[in-house]
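The block underneath contains the structure these notes are about, expressed in structure tokens.
Being a predicted model, the structure only gives us computed values, none of them experimental.
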Amino acid sequence: MPYFRVTITDPDLPADAQRALADGLTRLAVSVLRKSSARTIVHLDLVPPGRYFIGGEPLTGARDAHVEAGITAGTNSATEKADFIAAAGELLSNVLGPLPRSGVALHELHPESYGYNGVTQFDFYRRAQAQDAPVTAPVPLSAPTAR
């Protein structure tokens, strides 16, 4: 269940650009990180440039963006994460134009400490495995590697 928070220094970002970012990050979550689109959340936080600082100075005369994503630890390889970071950076530039210091951070959260609708990722995966397994098969109690 990836959760993307995208901070953009443009409180008036057009709706089509907002949609392009949400759609693009969701597509990358599916195609690069192998996540479910139905479980992917994109939250856009549009802020005035004066509330965004680079090198201790407020940003002026430019737009910038930063993506932070919560993903389940152990579900992606180093290559997948690097590919996602590169593709997300390219998406930001393509949609928003040249950016002075855009960034992408993937935060890996342990499946026992992360979830939604009151269910941890660990329990979600365990329940999914139980539904797919024969009735007599034991369900592993270790942290899952499924999405």
Side-chain angles (χ1 to χ4, degrees), residues 1-132 140-147:
M1 172 203 121
Y3 176 86
F4 296 98
R5 181 180 307 236
V6 186
T7 302
I8 305 164
T9 60
D10 186 348
D12 300 315
L13 187 68
D16 61 334
Q18 293 180 46
R19 174 58 94 179
L21 289 170
D23 289 346
L25 287 169
T26 300
R27 278 194 311 276
L28 290 174
V30 172
S31 65
V32 179
L33 298 177
R34 298 177 288 121
K35 306 298 184 193
S36 162
S37 64
R39 292 173 53 87
T40 299
I41 298 168
V42 176
H43 170 155
L44 301 179
D45 189 12
L46 308 177
V47 302
R51 289 183 42 204
Y52 194 92
F53 294 76
I54 297 177
E57 297 296 323
L59 181 67
T60 58
R63 183 190 281 163
D64 204 23
H66 186 81
V67 176
E68 292 188 65
I71 60 174
T72 305
T75 60
N76 292 103
S77 70
T79 300
E80 289 170 330
K81 291 181 280 189
D83 290 348
F84 177 84
I85 289 170
E90 185 176 328
L91 173 69
L92 291 174
S93 293
N94 288 345
V95 173
L96 301 174
L99 303 170
R101 176 102 187 249
S102 67
V104 178
L106 296 176
H107 302 284
E108 292 190 281
L109 305 167
H110 193 281
E112 291 176 354
S113 304
Y114 180 49
Y116 73 103
N117 285 343
V119 178
T120 66
Q121 289 293 86
F122 179 76
D123 285 338
F124 173 81
Y125 294 133
R126 205 168 92 186
R127 290 174 189 175
Q129 288 174 344
Q131 290 175 358
D132 292 340
L141 296 179
S142 61
T145 58
R147 304 283 163 260

Inset, instruction - Would you check if Ile41 and Pro2 make a side-chain contact, meaning some heavy-atom pair closer than 4.5 Å? - result: no
Inset, instruction - Find out whether Asn76 and Lys35 are in side-chain contact, i.e. whether some heavy atom of one side chain is under 4.5 Å from a heavy atom of the other. - result: yes
Inset, instruction - Ignoring hydrogens and angles, tell me if any N or O in the side chain of Gln129 forms a donor-acceptor pair with the backbone of Arg126 under 3.5 Å. - result: no
Inset, instruction - For the pair Thr72 (side chain) and Thr75 (backbone), establish whether a donor and an acceptor sit closer than 3.5 Å, ignoring hydrogens and angles. - result: no
Sequence neighbours excluded and cut-off under 3.5 Å, please list the side-chain donor-acceptor pairs for residues 11-29, or say none.
| from | atom 1 | to | atom 2 | distance (Å) |
| --- | --- | --- | --- | --- |
| Gln18 | NE2 | Leu13 | O | 2.7 |
| Thr26 | OG1 | Ala22 | O | 2.8 |

Inset, instruction - Only one of Thr9, Asp10, Ile8, Leu91 passes side chain to side chain contact (heavy atoms under 4.5 Å, CB included) with Leu96; say which it is. - result: Ile8
Inset, instruction - With rounding to the nearest 0.5 Å, note down the distance linking CG in Asp83 to OG in Ser77. - result: 7.5 Å
Which donor-acceptor pairs under 3.5 Å do the side chains of residues 45-57 make with protein atoms, sequence neighbours left out?
| from | atom 1 | to | atom 2 | distance (Å) |
| --- | --- | --- | --- | --- |
| Tyr52 | OH | Asp64 | OD2 | 3.3 |

Inset, instruction - Sequence neighbours left out, what passes side chain to side chain contact (heavy atoms under 4.5 Å, CB included) with Thr60? Give chain and number order. - result: none
Legend entry - Counterpart residues, side chain to side chain contact (heavy atoms under 4.5 Å, CB included), relative to Ala105 (two or more places apart): His66, Glu68, His107
Tell me, which pairs form a ring-ring contact (aromatic ring centres under 6.0 Å, His included) where one or both residues lie in [range], sequence neighbours left out?
range	answer
residues 25-45	none
residues 9-40	none
residues 75-96	Phe4-Phe84

Legend entry - Nearest heavy-atom neighbours spanning Ala62 and Leu59: O-CD2, 3.4 Å
Legend entry - Nearest non-hydrogen partners of Ser102 and Leu92, listed with the distance: CB-CD1, 4.1 Å
Legend entry - Pairs satisfying salt bridge (charged side-chain N to carboxylate O under 4.0 Å, His left out), at least one member in residues 94-111, at least two apart: Lys81-Glu108
Inset, instruction - Kindly write out the residues that satisfy side-chain hydrogen bond (donor to acceptor under 3.5 Å, both in side chains) with Glu90, not counting sequence neighbours, or none if the list is empty. - result: none
